[in-house]
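Encoded as structure tokens, the structure appears first; notes follow it.
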Amino acid sequence: TQLLEQSPQFLSIQEGENLTVYCNSSSVFSSLQWYRQEPGEGPVLLVTVVTGGEVKKLKRLTFQFGDARKDSSLHITAAQPGDTGLYLCAGYMTTDSWGKLQFGAGTQVVVTP
Amino acid sequence: EAGVAQSPRYKIIEKRQSVAFWCNPISGHATLYWYQQILGQGPKLLIQFQNNGVVDDSQLPKDRFSAERLKGVDSTLKIQPAKLEDSAVYLCASSLEARGNTIYFGEGSWLTVV
């Protein structure tokens with residue numbers, strides 16, 4: 001059972017459309033991270049959110065951390081084929097002192113031209 | 001700056017055989033991680049080292065998996081004997097310290113057990 005539940009599992013959209021992926025948990029996290037993983041490569045960190053209610057923007061990507069620090073969302077505006085990849089959320093639980101990063105199962109995003 | 005290096009990239013073995021994966025973290029990074037990523041799932045932490053000491057190996061199947069980080073730099077992950085369900089990508093990662101620092105992943109070692 002994944003501590004972090006991501007939805008949807010798979011998303012296929014046309015270039016120029018918007019999309020949102022979600023990351024939910026019943027546990028509280030001290031911080032949440034979003035990664036993108038491309039085929040044959042390791043995950044690459046996109047952003048870290050720390051404060052409940054925090055919103056961060058990275059060009060066309062908007063990340064939000066829930067007020068209760070149990071959930072997060074990633075919104076992509078005007079998606080491009082280069083946004084294709086596996087989007088993973090990961091978090092540090094408040095009860096974990098050694099920094100064990102917990103990952104969700106990921107959302108596979110495919111953007112077609 | 002050189003990234004996290006892993007080898008081999010690909011390995012196919014028969015069940016009950018053994019295999020070893022090697023990782024060289026980013027220079028100066030005290031924390032080293034081994035993750036297992038099964039197709040369609042997110043990475044699962046197998047073991048975390050702080051320098052050459054183990055700080056978390058709660059999800060490492062110790063009857064068949066072992067890992068060491070001699071001298072607090074390179075690390076080796078071994079599987080013996082391998083099972084079909086061990087087919088996965090084994091990701092090595094490193095960070096400056098354990099918590100709150102960016103974790104950098106290697107490209108992974110792809111294992112297929114037949």
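Order of the sequence lines sets the chain letters (A, B, ...), proteins ahead of strands, with each chain counted from 1.
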Heavy-atom side-chain contact between B:Tyr35 and A:Leu101 under 4.5 Å: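 With C-beta onward as the side chain, the pair touches.
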Contact check, side chains of B:Val89 and A:Gln37, non-hydrogen atoms, under 4.5 Å: no
Contact origin within B:Gln37 toward chain A - heavy atom pairs under 4.5 Å: side chain
Group every Ile, Leu, Val, Met, Phe, Trp and Tyr by side-chain heavy-atom contacts under 4.5 Å, then state whether [X] and [Y] land in the same group.
X: A:Leu19; Y: A:Leu61; answer: yes
X: B:Val73; Y: B:Ile47; answer: no
X: B:Trp22; Y: B:Trp34; answer: no
X: A:Leu58; Y: A:Trp34; answer: yes
X: A:Leu45; Y: B:Leu32; answer: no

Taking every non-hydrogen atom, the tightest pair across A:Leu88 and B:Gly42: CD2-CA, 4.0 Å
Over all atoms of both residues, closest heavy-atom pair of A:Pro43 and B:Leu91: CD-CD1, 4.0 Å
Segment of A:Tyr35 engaging chain B (4.5 angstrom heavy-atom cut-off):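 Side chain only.
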